[in-house]
Amino acid sequence: MASKPGILTDWPWKPLGSFKYIILAPWITGSIYSVIVKDAKQWDVFNLAILPLMLWRILHSQLWISLSRYRTAKGTNRIVDKGIEFDQVDRERNWDDQILFNAILFYLGNKYFPGGSHIPIWRTDGVIITMLLHVGPVEFLYYWFHRALHHHYLYSRYHSHHHSSIVTEPITSVTHPFAEHIVYFALFSLPVSTVVFFGTGSIIAIAGYITYIDLMNNMGHCNFELIPNWVFSIFPPLKYIMYTPSFHSLHHTQFRTNYSLFMPIYDYIYGTMDKSSDTLYEISLQRKEETPNVVHLMHLTTPESIYHLRVGFPYLASKPYSSAWYLWLLWPVTLWFMMLTRIYRRTFVVERNRFHQLRLQTWAIPNFREQYHLKWQKESINNMIEEAVLEAEEKGASVLSLGLMNQGKELNRYGEVYVKKHPQLKVKLVDGSSLAVAVLLNSIPKGTTQVLLRGNLTKVAFAVAFSLCQKGIQVTVLREDEYEKLDKSLGTKSGGKLVISKSYSSCKVWLVGDDLTEKEQRKANKGTLFIPFSQFPLKNLRKDLFQHCFYHTTPAMQTPKALENVDSCENWLPRRVMSVWRIAGILHALEGWEEHECGYTISNIDKVWEACLKHGFQPLTVPTQSKS
């Protein structure tokens, strides 16, 4: 939002929210009806092409979003080092409004503008005229309109909304108030309306011109330099007729220079060319891939989780993961991506953060959760994790946190296999179990004397049970096989606090893992607090008014403000909340601990907890009846 919003700031369909595309229903219905009732020779091809063109523009922009976020996370040729935050994601979430707006005007023009219907597919003269009109009037008029937008009156009411994004993303290019887009459409439609009016227009000319505008807009705001310098060496005058991402990036950091649309010639003519443009261009081209201090390794959860990655859909990534019905409409893309993961068997960078002097990266392994339960996939998954460990070692990372890779002793003995296979590893492997135990212990309400432990017994479950018994809190187990495993592990150290019971109603605090059934969950008393000790959340089945229970998140903590470039949620966790498996790696690097934390090793829980608080990570509020 601009600092002093002017008239026509909001889009007319803002009250419709996610249902805004219903506005196109009458025109789309009319197009379908014409195909059904008319002969093929009578079809208006341009009318039928408007919807595919709109979908292509959305896809084109999304490809740029994913590419930009991937490249800036890696750091290669990155222009501006600063990160973005959630406020920018929220501000730019309706980037597709301008595509909807243009589609509406195209449908109206198709019906009411002279020559707007039955436009031919190709005309060479129309293409040439379109190009000339852009180079001449459009670029010239845009330059002066843009300079006018930087006058304090228009800037405070309109253009400041766009310039709120110092670090740009491709969709920043179209994040403007409604009033600005009215002018932009009028300006960019000059070539199109001219050729259509004089009968030289064509579908290729219109679609090509719009694609060119989208391409240059997205490229100019992608925040990584991709134009090689040999291009300008071969044809030096090109620098006057084609800008680069670094050229326009300076406009967002300096504000009063580099006003041109796509052709810098007018900045040269009128003396608004930033003197550091060439220098920044060269520096950006020479920038190498960033070397992380800490790497967090994660994997995909469900096929739809690809859209919730930071390199996926920005708006979905900025919210806790939840299944959405409309993602089923993308099943061809989802299926294609699943096939791609079978072919591309390497990790890829999905996110970068900075915490004080530490450079943090998150790498994803292209596997889904269900694959970790398939025995025939075990070797393949372990090989990919091992390759990631060795890659982190090669890049000079000091810590690699295993995160969701820590799937239990059946897969890799909590990461121990990699340490034994490569005893000279300098990068420290951290599975985060110690911090998970510390967070779980501090999530149990004060005054609790008895907890119920139920679920697949992991390294964390054994450590929590031991710590609770040491604190004099009774640990109740429902199944005999679980009791025998715990009793064998704890022995006399349980102090008689480990008991087996058939009653589900004796405990108001449940520590639960992945194996808890829905039937067991429904047997809990009203007001029971469920605290997961696994890495995956518990399905909330007890949210009705009369049988309401409370659900804690998976082990996680609130991040300090010093953590930069946080613009996406970690799986199902709220904003700026980080899983303990990820935090553990950061703590390991901050404290300079030299030992691995994997296998069956548990670090000093009190030491880990104190270090976590010292560096600004805060525990989450425990859901209670009083806060309900």
Side-chain angles (χ1 to χ4, degrees), residues 56-57 60-61 63-64 67-68 71-72 76-80 122-147 168 170 172-173 184 187-188 190-192 194-195 200 202 204-254 256-289:
W56 157 242
R57 295 186 67 192
H60 183 197
S61 296
L63 291 173
W64 271 103
L67 177 62
S68 172
R71 286 290 298 270
T72 53
T76 310
N77 306 130
R78 190 167 61 227
I79 301 168
V80 180
W122 173 260
R123 280 197 59 157
T124 305
D125 52 355
V127 173
I128 295 173
I129 293 171
T130 300
M131 293 168 61
L132 293 175
L133 288 173
H134 175 83
V135 172
V138 172
E139 287 282 346
F140 177 77
L141 291 174
Y142 178 89
Y143 174 84
W144 286 107
F145 175 62
H146 195 180
R147 287 194 66 169
T168 59
T172 305
S173 64
Y184 292 143
L187 182 61
F188 296 142
L190 276 175
V192 173
T194 300
V195 295
T200 57
S202 66
I204 296 297
I206 296 171
Y209 183 55
I210 293 171
T211 301
Y212 165 75
I213 291 173
D214 288 344
L215 172 68
M216 298 301 288
N217 256 333
N218 287 323
M219 184 190 76
H221 293 80
C222 69
N223 196 31
F224 70 93
E225 190 53 74
L226 75 164
I227 307 297
N229 51 20
W230 60 262
V231 174
F232 298 105
S233 299
I234 293 175
F235 186 61
L238 189 64
K239 67 183 292 186
Y240 300 107
I241 58 176
M242 186 181 77
Y243 76 168
T244 63
S246 57
F247 179 91
H248 189 70
S249 178
L250 280 168
H251 177 69
H252 277 263
T253 56
Q254 304 302 320
R256 296 293 182 180
T257 57
N258 295 7
Y259 291 101
S260 293
L261 178 56
F262 308 137
M263 300 180 176
I265 185 170
Y266 293 107
D267 281 304
Y268 282 97
I269 293 174
Y270 296 109
T272 52
M273 166 79 172
D274 196 293
K275 294 180 180 179
S276 62
S277 296
D278 292 339
T279 303
L280 180 62
Y281 170 73
E282 295 294 339
I283 291 174
S284 301
L285 275 183
Q286 294 170 11
R287 176 162 286 170
K288 304 298 182 183
E289 182 177 338

*Starting from the C-alpha separation in whole Å, work towards a yes-or-no answer on side chain to side chain contact (heavy atoms under 4.5 Å, CB included) for S260 and I265.*
CA-CA 8 Å; S260 293; I265 185 170; over 6 Å; no
*Could you tell me how the ring of Y212 sits relative to the ring of Y209: parallel (under 30°), tilted (30 to 60°) or perpendicular (over 60°)?*
parallel
*Sub-4.5 Å side-chain heavy-atom contact between T272 and R256*: no
*With no hydrogens and no angle check, is any side-chain donor or acceptor of Y243 less than 3.5 Å from a backbone partner on M216?*
yes
*Got T168 and H248 here, is their nearest side-chain heavy-atom distance under 4.5 Å?*
no
*Using the six-membered ring wherever Trp is involved, compare the ring planes of F262 and H134 and label them parallel, tilted or perpendicular (cut-offs 30° and 60°).*
parallel
*asked:* Measuring only between side-chain heavy atoms, which start at C-beta, is L285 closer than 4.5 Å to P228?
replied: no
*Closest heavy-atom pair and its distance - M263, E139*: N-OE1, 3.4 Å
_Using the rule given for side chain to side chain contact (heavy atoms under 4.5 Å, CB included), can you reason through T244 versus F232, listing the C-alpha separation, both sets of side-chain angles and the distance that settles it, and then say yes or no?_
CA-CA 11 Å; T244 63; F232 298 105; 3.7 Å; yes
*Please indicate whether M131 has more than 12 foreign heavy atoms, meaning atoms of other residues, nucleotides or ligands, lying under 6.0 Å from its CE.*
no
*If every non-hydrogen atom of P236 is compared with every non-hydrogen atom of S233, which pair is closest and at what distance?*
CD-O, 3.8 Å
*Measure across M219 and P245 and return the closest heavy-atom pair with its distance rounded to 0.1 Å.*
O-CG, 3.3 Å
*With the side chain counted from C-beta on, respond yes when H221 and H252 share a heavy-atom pair under 4.5 Å apart, and no when they do not.*
yes
_Taking CH2 in W230 as the centre, count heavy atoms belonging to other residues, nucleotides or ligands within less than 6.0 Å. Is the count above 12?_
no
_Has N258 got a side-chain atom pairing as donor or acceptor with D274's backbone, closer than 3.5 angstrom?_
yes
*Find out whether W64 and D214 are in side-chain contact, i.e. whether some heavy atom of one side chain is under 4.5 Å from a heavy atom of the other.*
no
*asked:* Just checking Y259 against Y270, ring centres under 6.0 Å apart?
replied: no
*asked:* Can you tell me how far apart CZ (R57) and CG (N218) are? Round to the nearest 0.5 Å.
replied: 9.5 Å
*For the side chain of N223 and the backbone of V80, is there at least one donor-acceptor N/O pair under 3.5 Å apart?*
yes
*Side-chain donor or acceptor of S284 paired with backbone N/O of N77 under 3.5 Å*: no
*Supply the atom-to-atom distance T194 OG1 to L132 CG, rounded to the nearest 0.5 angstrom.*
11.5 Å
*With side chains defined as the heavy atoms from C-beta onward, is the minimum distance between S276 and L250 less than 4.5 Å?*
yes
*asked:* Working to the nearest 0.5 angstrom, can you tell me the gap between H146 NE2 and L187 CG?
replied: 12.5 Å
*In Å and rounded to the nearest 0.5 Å, what is the OH to CG distance from Y142 to L190?*
14.5 Å
_Less than 6.0 angstrom separating the ring centers of F247 and Y281, yes or no?_
no
*asked:* Using modelled atom types and a 3.5 Å cut-off, is there a donor and acceptor pairing between side-chain atoms of T211 and backbone atoms of A207?
replied: yes
*Would you say the side chain of F188 lies within less than 4.5 Å of the side chain of L261, judging by non-hydrogen atoms?*
yes
*Show your working on side chain to side chain contact (heavy atoms under 4.5 Å, CB included) between T130 and V195 and close with a plain yes or no.*
CA-CA 7 Å; T130 300; V195 295; 3.7 Å; yes
*For the atom pair OG (S202) and CG (D125), what is the distance rounded to the nearest 0.5 Å?*
8.5 Å
*Between E282 and N229, which heavy-atom pair has the shortest distance, and what is it?*
OE1-ND2, 4.0 Å
*What distance separates L133 CG from I128 CD1, expressed to the nearest 0.5 Å?*
12.0 Å
*Is the H60 ring parallel, tilted or perpendicular to the W56 ring (thresholds 30°, 60°)?*
parallel
*For S173 and N217, which heavy atoms make the closest approach, and how far apart are they?*
CB-O, 3.5 Å
_Looking at every non-hydrogen atom in both residues, tell me the closest pair between I79 and S249 and how far apart they are._
CG2-OG, 3.5 Å
